[in-house]
Amino acid sequence: MILARFLGPRVWLLVAALLAAAVLVPLSNLWLPADHPLHVPSHIVPLLGKYVCYALLALALDLVWGHVGILSLGHGAFFALGGYAMGMYLMRQIGPRGVYGNPVLPDFMVFLNWGELPWFWHGFDQFWFAALMVVLVPGLLAFVFGWFAFRSRVTGVYLSIITQALTYALLLAFFRNDMGFGGNNGLTDFKDILGFPIQAGTTRAALFAASCVALALGVLLVGAVTRSKLGSLMTAVRDAESRTRFIGWRPEYVKLFAFTVSAVMAGIAGALYVPQVGIINPGEFAPVNSIEVVVWAAIGGRGTILGPVVGALLVASSKSYFTAVAPDTWLFVLGGLFVFVTLFLPRGIIGTIDHGWTGWRERLKASRAAERGAGAPPAAPPQSPGDLPSPAE
Amino acid sequence: MMQQPIEPGPAEPFVSPHPYATQRALERRAKQTADGARRETLLYLDGVTKSFDGFKAINKLSLVLQKGEMRAIIGPNGAGKTTMMDIITGKTKPDSGEVFFRGDVDLTRHDEAAIASLGIGRKFQKPTVFESLDVDENLRLSLAGSRSVFSALRHKRTVEEAAKIEAILATTRLTDKRHRLAADLSHGQKQWLEIGMLLAQDPELLLVDEPVAGMTDAETAETARLLREIAETRSVVVVEHDMHFVRELGVKVTCLHEGSVLSEGTLDHVSADPRVVEVYLGR
Ligand SMILES: Nc1ncnc2c1ncn2[C@@H]1O[C@H](COP(=O)(O)OP(=O)(O)OP(=O)(O)O)[C@@H](O)[C@H]1O
Ligand SMILES: [Mg+2]
């Protein structure tokens, strides 16, 4: 198949692993007896689902950071916006089952003595509408933000700072009760999704599987984009942005494309995350969350597709472990890990493995060539600049 | 408000009884003649000035390049050679003056990408190639064609494209390096790759800033040969300090100094010019 060669074995292996997980984890959780060694306990399933959503977020960030060189410190905002869009749908599904029993208004609105549903809550009782908003709101925000930032040629640390400002501004806004998103409590107490009870084992298994499929699609998308000519162009923009202009490209549009696609991916990750953790609140906009995403990608290895996925899974699961065993140590562990990786593995885990692997293969090739060439005249002429062949050749 | 009418030329006495109408008509005619002269040129710079924090890097610079012409630009360090290229390619906007391409395209109104698409290619003083891409991809990105993001996404490699790249690789002697990362090339090879990228762009005008800096004598001679070959079908402006190289090009020379033209003509004429001798020796 052309696609198989086009994307390379790495991407397909990752996709296959994700699809296998999407099938095997639910199977093991639902059908294996609880005492079976391969049984995945029910409380672990949404936890795994959460990590998969983080991995999708890290992959999204890496599309702009690893491949185009835009260090966004605000990707948590797109994730949270996707999450809020899903949260609003889930709130509307509660209907009269809320504490106040109001068939239309979510509890917090009744509590605030609001008479009617604010205009921007309309339509969220429909899943298709909410799903559209999951894609549209982060995408549109990223597009508008990128349009202004990239066209005015804001780059480097200035861009990073304004992305951080963006998520911080949204944090403050969503904290306000009169914004209409539940203030600092956010949206919670969800009952069901698409008619299925949200706490049920089968629903959770399905949500986990959906997250795996979404991540697999994300991997395919990033793989296809980065392998295309646009992918080469992205690398060119990352390496020497202004040079691309002098051969006629407009790097601002390359960035805008990557940034918007990336924000949409982050929004989808957020939308899958919310029903699995059961709550979305303004804390998701916290600047430190966005920085954590950067740490995932850096640890895994940016620009490697597999790297951010591995980084997110690894760091997020260690976080769960450390916060359970020794809650006070987690930030030190994270900081230490980050320092260690930046100092000793600047390419990240996967990047280092890749680099070591190609280096090793080249050395092997060179030593084989040397063996073959032993006794014979040197196989490769020295690479001196004066060695250009004469024009007659 | 009375203005002094411009004297009508003797060839065409002007008839309007109204002095202002006369002036307007004469101005229009004068502009048309100037435009006519400009129209035949490929590159036309007139009275261009650019200062950085009060320092005039380019000072009332006027320079005209005919279609198909190759021109060598020399001048001491800081003469404004690179800044002139920055102005032509849209990297820097001049404070005043006219910059026209193909007679009537005002380059000061376009940005870098638009100017590149108009057919002006540039090689930088410090070789700038895309280091994490291989030689092949560097050329592929430079090939003339659509510059839209979505067409790049859907782009499929074609036979014609491969043939063009093959030809450029042969011209720039990089055929056996095509799958090397640009970062792994020697300095001279990077210079050649950048010239190859220029060729791939298929521009009408090439601006080449110090192409032989850091090259061996053999490479320098080879580069001169290559540029002469390129100049058969395109217009080229070459900035170079290496007089030996300039002599090998054998073209008209312009010497810049403190942002304006000091001397222009054959290399012998320019290097015999006492003012040129002075700026080169006087430092
Ligand atoms: N962006 C800038 N800001 C401030 N000064 C500048 C800028 N660009 C150029 N200059 C100044 O303008 C002058 C002309 O520079 P330019 O690079 O054009 O010289 P050049 O003729 O190319 O010299 P060289 O032979 O060393 O390459 C120099 O004094 C330089 O310091
Ligand atoms: Mg210069």
Side-chain angles (χ1 to χ4, degrees), chain A residues 2 6 66-69 146 150-151 153 221 224-261 302-303 347 351 355 358 362 380-393, chain B residues 89-91 111-118 120-124 128-134 137-138 140-145 147-157 173 182-189 191-192 194 197-198 200-201 203 207 214-219 222 225-226 229:
Chain A
I2 298 172
F6 177 64
H67 295 279
V68 198
F150 300 141
R151 277 172 52 101
R153 302 195 183 177
L221 178 73
V225 169
T226 54
R227 283 289 183 116
S228 71
K229 184 175 172 185
L230 180 59
S232 302
L233 182 56
M234 287 175 169
T235 311
V237 170
R238 185 187 71 194
D239 284 0
E241 176 179 345
S242 84
R243 187 69 181 86
T244 62
R245 297 182 197 276
F246 294 96
I247 51 176
W249 296 101
R250 293 190 184 275
E252 53 272 30
Y253 295 145
V254 177
K255 292 176 167 187
L256 194 57
F257 173 83
F259 198 63
T260 308
V261 169
R302 59 196 176 111
R347 295 163 201 275
H355 189 66
T358 35
E362 299 236 312
Q383 279 268 316
S384 93
D387 269 340
L388 287 169
S390 75
E393 276 184 50
Chain B
T89 53
K91 189 178 177 197
D111 67 0
E112 299 99 317
I115 291 174
S117 303
L118 279 170
I120 299 184
R122 174 172 186 184
K123 196 202 89 59
F124 285 79
T128 328
V129 293
F130 304 121
E131 307 249 324
S132 348
L133 296 178
D134 65 16
E137 280 168 307
N138 267 277
R140 206 175 290 278
L141 281 184
S142 313
L143 275 183
R147 291 296 193 244
S148 104
V149 167
F150 290 100
S151 74
L153 184 62
R154 286 193 309 264
H155 182 85
K156 290 203 179 60
R157 302 180 172 209
R173 320 238 173 275
D184 298 339
L185 297 181
S186 74
H187 186 79
Q189 285 163 346
Q191 301 265 44
W192 278 52
E194 219 185 342
M197 288 162 72
L198 265 182
Q201 248 179 292
L207 307 174
M215 280 191 179
T216 62
D217 287 351
E219 282 177 313
E222 189 62 16
R225 189 198 60 77
L226 177 62
E229 189 184 308

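Note on naming: letters A, B, ... go to the chains in the order of the sequence lines (proteins, then strands), and numbering restarts at 1 for each one. The model shown is predicted, which means the values in this text are computed figures rather than measured ones.
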Peer 1: Of the backbone (N, CA, C, O) and the side chain (C-beta and beyond), which part of B:Ala114 lies under 4.5 Å from a heavy atom of chain A, both, or neither?
Peer 2: both
Peer 1: Could you list the residues that satisfy side-chain hydrogen bond (donor to acceptor under 3.5 Å, both in side chains) with B:Asp111, not counting sequence neighbours?
Peer 2: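 Listed in chain order: A:Arg250.
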Peer 1: Are the charged groups of B:Glu222 and B:Arg225 less than 4.0 angstrom apart, N to O?
Peer 2: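 Judged by the 4.0 Å cut-off on N to carboxylate O distance, B:Glu222 and B:Arg225 do form a salt bridge.
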Peer 1: Cut-off 3.5 Å, side chains only: do B:Arg122 and B:Thr89 have a donor facing an acceptor?
Peer 2: yes
Peer 1: By a 4.5 Å heavy-atom criterion (distance strictly below it), what part of A:Thr244 contacts chain B: side chain, backbone, both, or neither?
Peer 2: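 Both parts, backbone and side chain.
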Peer 1: Can you tell which part of B:Ser148 gets under 4.5 Å to a heavy atom of chain A, answering side chain, backbone, both or neither?
Peer 2: backbone
Peer 1: With chain B, which of A:Phe257, A:Trp249, A:Tyr253 has the greatest number of heavy-atom pairs at distances under 4.5 Å?
Peer 2: A:Trp249
Peer 1: Name the option with the most non-hydrogen atom pairs under 4.5 Å to chain A; the candidates are B:Ala152, B:Ala116, B:Ala200.
Peer 2: B:Ala152
Peer 1: Can you name the side-chain hydrogen bond (donor to acceptor under 3.5 Å, both in side chains) partners of B:Gln201, sequence neighbours left out?
Peer 2: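 For B:Gln201 there are no side-chain hydrogen bond (donor to acceptor under 3.5 Å, both in side chains) partners, ignoring immediate neighbours.
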Peer 1: Salt bridge (Lys or Arg N to Asp or Glu O under 4.0 Å), that's the test. Do A:Arg243 and B:Glu194 meet it? Break it down for me.
Peer 2: CA-CA 11 Å; A:Arg243 187 69 181 86; B:Glu194 219 185 342; 3.1 Å; yes
